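Since this is a predicted model, take the numbers as computed values, not measurements. We count residues from 1, following the sequence as given.
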Amino acid sequence: MSAESHDPLEGFDTTIHAPNRLRICALLDTAGEAEFGLVQKQLGLSASVLSKHITVLMDAGYVGQRKAVRDTRQRVWLHLTGRGRDAYRGHLAALRAIVGPSDPAL
């Protein structure tokens, strides 16, 4: 193997790969930080389903949260950690390596 060839699965992350977790990471990568309710609305998930996926991502060290009171209610803002951003972007690179370059002629 040459120094440039590598395993296309390098960077593939099964924690992130689940569709809803991938969507959560994509949203947080773009937004930087988002309130739980906004993430729920954008992804069309119930609070319990979103909470379960967030817990998995937090347990992996990929998502962090910030709690604060806003409009007299406790709110939770979510963000990708540095580790989470690296894992998400590594996962995207692995997916691109797996599917290969796109051919605009197709």
Before you tell me yes or no, could you show the steps for Leu38 and Gln42 under side-chain contact (heavy atoms from CB on, under 4.5 Å), namely the whole-Å CA-CA distance, both residues' side-chain angles and the distance that decides it to 0.1 Å?
CA-CA 6 Å; Leu38 176 69; Gln42 288 289 318; 4.0 Å; yes
From Ile98 atom CD1 to Leu95 atom CG, the distance as rounded to the nearest 0.5 Å
5.5 Å
Sequence neighbours left out, what passes side chain to side chain donor-acceptor pair (under 3.5 Å) with Gln65? Give chain and number order.
none
For residues Tyr88 and Asp13, is any side-chain donor paired with an opposing acceptor at under 3.5 Å?
no
Can you tell if the side chain of Val76 reaches within under 4.5 Å of the side chain of Ile54, non-hydrogen atoms only?
no
Test item: Gln74 and Lys67 side chains (from C-beta on) under 4.5 Å apart, heavy atoms
yes
Please round to the nearest 0.5 Å and tell me the distance separating atom CG of Leu78 and atom CD of Glu35.
8.0 Å
Does anything in residues 40-61 pair up under salt bridge (charged side-chain N to carboxylate O under 4.0 Å, His left out), and if so which pairs, sequence neighbours excluded?
none
Beyond-backbone contact of Asn20 with Leu43, side-chain heavy atoms, under 4.5 angstrom:
no
Roughly how far, to the nearest 0.5 Å, is CG of Leu57 from SG of Cys25?
5.0 Å
Drop me the distance from Asp86's CG to Tyr62's OH, to the nearest 0.5 angstrom.
9.5 Å
Any Thr15 side-chain heavy atom under 4.5 Å of His91 side chain:
no
Walk me through whether Val63 and Val56 qualify under side-chain contact (heavy atoms from CB on, under 4.5 Å).
CA-CA 9 Å; Val63 169; Val56 170; over 6 Å; no
Close side-chain approach of His53 to Val49, heavy-atom, < 4.5 Å:
yes
Can you find a heavy atom in the side chain of Leu28 that is under 4.5 Å from one in the side chain of Glu33?
no
Under the side-chain hydrogen bond (donor to acceptor under 3.5 Å, both in side chains) definition, can you give me all pairs with a residue in residues 76-85, not counting sequence neighbours?
Asp29-Arg85
Taking all heavy atoms of Ala94 and all of Glu10, pick out the closest pair and write down the distance.
CB-O, 3.4 Å
